[in-house]
Chemist: 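This structure is in structure tokens; I'll ask about it shortly.
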Amino acid sequence: MIVASWNINSVRLRLPLLLDYMKEIGPDVVCLQELKCLDEQFPRSEIEDAGYNVLVHGQKSWNGVAILSRRPAEEAKRGLPGDENDAQSRYIEATLPFGQGVLRVASIYLPNGNPAPTEKTEYKYAWMDRLHAHARDLLKLEEPLVLAGDYNVIPEPEDVYDPNAWVNDALFRPDTRRKFRALKNLGFTDALRATTDAAKTYTFWDYTSGAWQRNNGLRIDHLLLSPQAADRLVRVAIDKDMRAKEKPSDHVPIRAELRE
DNA sequence: ATGTCGCATTCCATGCGA
């Protein structure tokens, strides 16, 4: 069972790239972020034709998350609990058949929070607190669970090409890192870090300043695994080659294989 | 290097968010 996460930065623009990726890798689940379209604009039929069920939580212009699944997936949550006034589409959760039970998967697009410090940073922190509370509830289910997405969090200095340049950025501020640590400390495993300590293992390169050519990257896309999922972890891969394609997203997919 | 994108607007240039 392969679960992938990819901030695709406009699913309409990058549909050919997505279809190529699904054909090449054959993931069982793909969690997408930054769809940048409404539900009715999502390229549903093309993705269904490729053999995937589609759950979408879209939004005009910005944000938007989806879960694509070869197996029939049941929507469990649309929107992150904890604030009925939050209109941004940044969270969707589903369950699908896995072994004798289910696998629970969430596609997460955590707020960027820049410029910092501003009300955008406060929104990010509040969102992280809400994610923490919901994740705590989910762990009580004692299921295999993958919280997959663009966290907009650089966990550690080795996850950014120049830590000193990022200390005041909302992706690397002490409060951001502290909240991410607290989330993990509920009992999650950072899938990538369970498999390698290698520095310069990035999932994002800015479009500006030749960041890709200079390997000025960030590791901000993460797969957090519940204990029941972590016990089944086989391997993790970052599909870095997707950044070298024509018209790439600024993020690349990250995927984990779980033994069923 | 404020150096790139993608989306939206009353729209062919500019603002916003990342």
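In the text below, chain A, chain B and the rest are named by the order of the sequence lines, each starting its count at 1. Note that this is a predicted model, so its numbers are computed, not measured.
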Chemist: May I ask you to evaluate whether A/Arg243 reaches the phosphate of B/dT4, defined as a side-chain N or O under 4.0 Å from OP1 or OP2?
Modeler: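 No.
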
Chemist: For A/Phe180 and A/His222, take the angle between the two ring planes, folded into 0 to 90°, and tell me which bin it lands in: parallel under 30, tilted 30 to 60, perpendicular over 60.
Modeler: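 Rings of A/Phe180 and A/His222: tilted, 30 to 60°.
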
Chemist: In whole angstrom, give me the gap between the P atoms of B/dA18 and B/dC12.
Modeler: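 Roughly 26 Å separates the two P atoms.
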
Chemist: Between B/dA18 atom P and A/Lys36 atom NZ, what is the distance in whole Å?
Modeler: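 Taking atom P of B/dA18 as the reference, NZ of A/Lys36 is at 9 Å.
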
Chemist: Are A/Ser10 and B/dG6 close enough that a side-chain N or O sits under 4.0 Å from OP1 or OP2?
Modeler: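 Answer is no, no contact under 4.0 Å.
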
Chemist: Nucleotides 9-13 of chain B: which of its N/O atoms have a protein N/O under 3.5 Å away?
Modeler:
unit_1	atom_1	unit_2	atom_2	d
B/dT9	OP1	A/Lys60	NZ	3.4

Chemist: If the condition is ring-ring contact (aromatic ring centres under 6.0 Å, His included), which residues does A/His251 pass it with, not counting sequence neighbours?
Modeler: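 For A/His251, the residues satisfying ring-ring contact (aromatic ring centres under 6.0 Å, His included) (neighbours in sequence not counted) are A/Phe204.
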
Chemist: May I have all residue pairs that pass side chain to side chain donor-acceptor pair (under 3.5 Å) and include part of residues 92-101 of chain A, sequence neighbours excluded?
Modeler: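 Those involving residues 92-101 of chain A are A/Tyr91-A/Glu93, A/Glu93-A/Arg104, A/Glu93-A/His134.
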
Chemist: Given B/dA18, B/dA8, B/dG6, which nucleotide is nearest the side-chain atoms of A/Glu34?
Modeler: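 The closest nucleotide is B/dA18.
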
Chemist: Write down the distance separating the P atoms in B/dC5 and B/dT10, rounded off to the nearest Å.
Modeler: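 Between the two P atoms, the distance is 26 Å.
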
Chemist: Can you establish whether the number of heavy atoms outside A/Glu46 located under 6.0 Å from its atom CD is more than 12?
Modeler: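 Yes - once you tally the heavy atoms of other residues, nucleotides and ligands closer than 6.0 Å, there are more than 12.
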
Chemist: Going by salt bridge (Lys or Arg N to Asp or Glu O under 4.0 Å), name the pairs with one or both residues in residues 129-140 of chain A, residues two or more places apart or in two chains.
Modeler: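 For residues 129-140 of chain A: A/Asp86-A/Arg130, A/Asp129-A/Lys179, A/Asp137-A/Lys140.
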
Chemist: Under 4.0 Å: is that the gap between some side-chain N or O of A/Arg14 and OP1 or OP2 of B/dG6?
Modeler: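 Yes, such a contact exists.
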
Chemist: With sequence neighbours left out, what residues match A/Ala194 under side-chain contact (heavy atoms from CB on, under 4.5 Å)?
Modeler: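 Partners of A/Ala194 by the side-chain contact (heavy atoms from CB on, under 4.5 Å) criterion, ordered by chain and then number, come out as A/Thr189, A/Leu233.
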
Chemist: Please give the distance between the P atoms of B/dC11 and B/dG6 as a whole number of Å.
Modeler: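 Their P atoms lie roughly 23 Å apart.
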
Chemist: Please enumerate all residues that pass side-chain contact (heavy atoms from CB on, under 4.5 Å) together with A/Asn216, with sequence neighbours excluded.
Modeler: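 side-chain contact (heavy atoms from CB on, under 4.5 Å) check on A/Asn216 returns A/Tyr161, A/Ala211, A/Arg214.
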
Chemist: In whole angstroms, how far is the C1' atom of B/dC7 from the CG atom of A/Leu38?
Modeler: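 Those two atoms, CG and C1', are 12 Å apart.
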
Chemist: Contacts to DNA chain B from residues 108-118 of chain A, heavy-atom cutoff under 4.0 Å, which residues?
Modeler: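 Heavy-atom contacts with DNA chain B come from A/Tyr109, A/Asn112.
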
Chemist: Could you list the residues that satisfy ring-ring contact (aromatic ring centres under 6.0 Å, His included) with A/Phe172, not counting sequence neighbours?
Modeler: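 Scan of A/Phe172 (ring-ring contact (aromatic ring centres under 6.0 Å, His included), adjacent residues dropped) gives none.
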
Chemist: Is there a side-chain contact between A/Lys247 and the phosphate of B/dG6, meaning an N or O under 4.0 Å from OP1 or OP2?
Modeler: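 For B/dG6, OP1/OP2 do have a side-chain N/O of A/Lys247 under 4.0 Å.
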
Chemist: Within the structure shown, what part of the strands sits under 4.0 Å from A/Ser209 by heavy-atom distance: base, sugar-phosphate, or nothing?
Modeler: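 Since a base atom lies under 4.0 Å of A/Ser209, the category is base.
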
Chemist: Side chain of A/Asn9 only, please: which of B/dA8, B/dG6, B/dG17 is the nearest?
Modeler: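 Side chain of A/Asn9 sits closest to B/dG6.
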
Chemist: Provide, to the nearest angstrom, the distance between the CG atom belonging to A/Leu15 and the P atom belonging to B/dG6.
Modeler: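 It is 14 Å, rounded to the nearest whole Å.
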
Chemist: Quick check: on DNA chain B, is the nucleotide nearest A/Asn63 upstream (toward 5') of the one nearest A/Leu13, or the reverse? Name the residue that is more 5'.
Modeler: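 Per heavy-atom nearest nucleotide, the more 5' residue is A/Leu13.
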
Chemist: With sequence neighbours left out, write down each residue that passes ring-ring contact (aromatic ring centres under 6.0 Å, His included) with A/Trp62, or none if nothing qualifies.
Modeler: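 In terms of ring-ring contact (aromatic ring centres under 6.0 Å, His included), with neighbours along the sequence ignored, A/Trp62 is linked to no residue.
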
